[in-house]
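Have a look at the structure below before the remarks.
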Amino acid sequence: FGLSVREMAAQWAVLALLAACMASAAKESVLNMCMDAKHHKTEPGPEEALHGQCVLWKDNACCTANTSTEAHQDQSYLYNFNWNHCGVMPEKCKQHFIQDTCLYECSPNLGPWIDQADTSWRRERILNVPLCKEDCELWWEDCQDAITCKENWHKGWNWTSGTNRCPRGFMCQPFKYVFPRPADLCEKIWSNSYKYTMEHRGSGRCIQMWFDPANGNPNVAVAKYYAQNGRDASPTPRAVLLLLLPAALLLWRGWYDGIA
Ligand SMILES: *[C@@H]1O[C@H](CO)[C@@H](O)[C@H](O)[C@H]1NC(C)=O
Ligand SMILES: *[C@@H]1O[C@H](CO)[C@@H](O)[C@H](O)[C@H]1NC(C)=O
């Protein structure tokens, strides 16, 4: 046959190593990147002139200064989205929606959760980004006095006037009725872009919408963790297989040497 079992095992090991390297390179490539959506830059980079609440990302951002300014405006040119569709949204609530926009437009650390979108206005979206408990709960608490008519703000609006208005039959109600728990708000409002978690700010296991830029961007480490461990934070079957492969090889060689 030409090749001995030992040689075949060695070749197999080399192939497995190569596959592992390629898998790890693919995972690295989701770090420090911008999604392919409506206003994102193609590559992240420094932006000296970021505005207001988006300034946290000025060292490395996927948004331009223009996008960061627009993120603070009612019915901005970004999406023509009207926060005030059931009366004026209270300022303390609106700041969370601005921060949510800043994170979405500016963060270069959402790569592990980028998914295909297949809509007319963007090719990619984010799905199940694990949001820190505090970020979700504060957002929910500060919006208790806000009013809305819809649970999912991505679709179902009446856009005939050029901006989103409540469709017929949808009643304006306080947030606490539309979103009874913090998870309802964070998960349902943008069709599962975020996932509510029990992880705390600073744990390195959840994405922070708010952070102190003096200590660097904590989401860099979070993206790295989920890129390496799988976005569901449990070892993926493939990772387990790759770990077991060398052991299997040794066992097989031992068994073969034993009978030979
Ligand atoms: C941002 O750019 C858009 C499109 O070019 C423009 O209409 C808008 O006025 C700009 N906004 C700011 C704040 O400069
Ligand atoms: C949408 O709004 C327009 C007025 O701007 C109204 O005539 C129409 O009936 C609305 N449609 C729905 C489905 O709410």
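Start at 1 and go down the list; that is how both ligands and their atoms are numbered. Sequence positions, counted from 1, serve as the residue numbers for this chain.
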Enumerated ligand 2 atoms positioned under 4.0 Å from heavy atoms of Pro167: 14 (O)
Where is the nearest protein heavy atom to atom 11 (N) of ligand 1: which residue, which atom, and how far? Glu70 OE2, 2.7 Å
With ring centroids as reference points, do Phe175 and Trp139 lie under 6.0 angstrom apart? no
Atom 14 (O) of ligand 1: any protein heavy atom closer than 4.0 Å: yes
Does the residue Ser161 have a heavy-atom contact with ligand 2, meaning some pair of atoms that are separated by less than 4.0 Å? no
Of the choices Thr69, Leu78, Asn66, which has the non-hydrogen atom that lies closest to atom 6 (C) of ligand 1? Asn66
Ring centroids only, cut at 6.0 angstrom: are Tyr77 and His39 within range, meaning strictly under it? yes
Protein contact of atom 9 (O) of ligand 2 - nearest heavy atom, named by residue and atom, plus distance: Arg168 NH2, 2.9 Å
Centroid separation under 6.0 Å, is that true for the rings of Tyr104 and His40? yes
Donor on one side chain, acceptor on other, Asp74 and Asn82, under 3.5 Å: no
In terms of residue, atom name and distance, what is the protein heavy atom nearest to atom 5 (O) of ligand 2? Thr160 OG1, 3.3 Å
If you scan the protein for heavy atoms around atom 2 (O) of ligand 2, do you find one that is closer than 4.0 Å? yes
Taking the six-membered ring where the residue is Trp, are the ring centres of Trp157 and Phe81 under 6.0 Å apart? yes
Starting from atom 12 (C) of ligand 2, which protein heavy atom do you reach first, and at what distance in Å? Asn158 ND2, 3.2 Å
For Pro130, which of Tyr226, Tyr194, Tyr196 qualifies under side chain to side chain contact (heavy atoms under 4.5 Å, CB included)? Tyr226
Before we go on, tell me: are the rings of Trp57 and Phe211 under 6.0 Å apart, centre to centre? yes
